[in-house]
Amino acid sequence: MNDGNKYSSSKVMKPVESDILKALKQLETRGYDVRSQVGQLDIEFGGAAKWYEPDFIVVSPDGKRLIVEVKSQRSLSLENIAKLMVIARQAKAAGDRLLVFVPDAGASHTASRFTDNADGLKISYANSPTKVVPAVIEALSGALEKAN
Amino acid sequence: MYAELDLKLKAPIERIVLLGHIQSIVGGNSIALDEALAGTALENIPAIRQSALLAEQIVDTATAIYFMEGNDAIKIHVIVRSLTKARQQCERITRQLSARLGTVARVEATILVTEKGTGEDVAIGERVTLWRRFREAFAEKFLTKLLPAATTFALAAMFIQGATIVVSSAIGVAAACVGAFFEVWMAIRSSSEWKWKDVT
């Protein structure tokens, strides 16, 4: 996954993204590096779209990278699921992982048939800071296991 | 820009039956699925591709791709050029499918724009049932029409001597009731079947 074509985004962060970032920042005391406004990654989606800008990237103390994308439940559209599956596949090929947070889904969210069958796509419905950190650590440990 | 429309049905439906209904709605606007999916992120995901039922193209307006989700839900991916068109197409497709199927329980729509490579929601909408519109209109009219008349009647009955005044207050309550129901009916008639909200 080539991230050489970086630029700083001026996009205003949504409240759900700010909440997740606040929770992710707790990881910095454990030696993790949490980056926001990380620039573009080259991704081949098919069609014209050839890049993607993650919401955040978390780098573990041993250098493993986790791409974090925050989506509202209503924005988990078919097209987004398809794109996130491609991102997850390409991230995996590069030794990275993708974790999608859907913080507004709540405990009673209705699972979509498409998200259930989204091969290789890890979605966390964590909606509180206490659940975000374990979800990230679990996703990164998965990356380490695969790498080893 | 695109919209995604979710229709939840009251009962399961067979894929072939649903396809027949959609075909009869789409008619001559039907286009090949491969053509509609070409160039979209959807074309390379087999699970999504297999769920596709039919594609419809309205020249210079929209391309809609119909998917079956499970056996009791329909998802429609609508590619459009503007927010207004997105709303219009969601409302049009819902109206046609509801009329044809008659078993649509719940409808939600999300309008998204591509930002940073993936879609971000800019507007969400839902079809509001007649019963809900009635309840909302009635709640408003109860406060503005019925409550003052009922309060007048209660105070008159409690503090004013004489049956005539109390009876005339009761007549006032009855008149307010008739007026409120008439206004509720007018409000329901003029209100939109859809409630849209911009996402900031």
Side-chain angles (χ1 to χ4, degrees), chain A residues 7 9-17 36-56 67 69-90 98 100 102 104 110-121, chain B residues 1-6 8 34 36-53 63-79 86 105-106 108-126 196-200:
Chain A
Y7 80 111
S9 167
S10 57
K11 182 185 171 282
V12 177
M13 208 177 280
K14 287 186 170 183
V16 282
E17 293 169 354
S36 59
Q37 299 197 341
V38 292
Q40 295 177 349
L41 306 178
D42 294 339
I43 298 277
E44 191 64 55
F45 287 129
K50 288 183 168 51
W51 61 272
Y52 155 71
E53 187 183 339
D55 288 327
F56 313 113
I67 297 165
E69 181 65 26
V70 184
K71 286 273 171 251
S72 68
Q73 190 178 18
R74 292 288 290 267
S75 67
L76 268 185
S77 63
L78 275 185
E79 186 169 309
N80 273 343
I81 292 168
K83 284 182 171 178
L84 291 168
M85 285 171 75
V86 173
I87 295 164
R89 203 181 301 147
Q90 293 193 25
L98 170 73
V100 181
V102 186
D104 66 339
T110 49
S112 157
R113 179 174 170 271
F114 294 108
T115 49
D116 285 350
N117 294 332
D119 188 32
L121 185 58
Chain B
M1 175 177 280
Y2 65 97
E4 204 147 284
L5 186 60
D6 289 291
K8 181 82 177 164
D34 287 340
L37 290 167
T40 71
L42 306 172
E43 70 175 329
N44 296 321
I45 308 294
I48 293 175
R49 179 71 182 76
Q50 285 159 14
S51 304
L53 292 167
T63 300
I65 307 167
Y66 295 74
F67 295 87
M68 190 161 190
E69 187 176 10
N71 59 3
D72 63 351
I74 308 165
K75 202 179 257 295
I76 302 126
H77 181 79
V78 191
I79 303 158
R106 196 181 71 241
E108 289 179 342
T110 309
I111 301 172
L112 304 99
V113 291
T114 300
E115 200 176 89
K116 301 197 306 175
T118 61
E120 296 288 344
D121 47 346
V122 289
I124 56 173
E126 62 173 330
W196 290 97
K197 191 175 123 190
D198 292 335
V199 179
T200 51

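Everything numeric in this text was worked out from a predicted model, so none of it was measured.
Within the 4.5 angstrom heavy-atom criterion, atoms from both the backbone and the side chain of B:Ile48 approach chain A. Interface remark: A:Ser77 contributes backbone and side-chain atoms alike to the contact with chain B (heavy atom separation under 4.5 Å). With a threshold of 4.5 angstrom between heavy atoms, B:Ala109 approaches chain A through N, CA, C or O but not through any side-chain atom.
With 3.5 Å as the limit, one finds no donor-acceptor pair spanning the side chains of B:Thr40 and B:Tyr2. In the model, B:Ser51 has no side-chain atom that pairs as donor or acceptor with a side-chain atom of B:Lys75 under 3.5 Å.
A 4.5 Å side-chain heavy-atom check between B:Ile111 and B:Trp196 finds at least one atom pair inside the cut-off.
Within the 3.5 Å criterion, the main-chain N or O of B:Thr118 finds no donor-acceptor partner in the side chain of A:Asn80.
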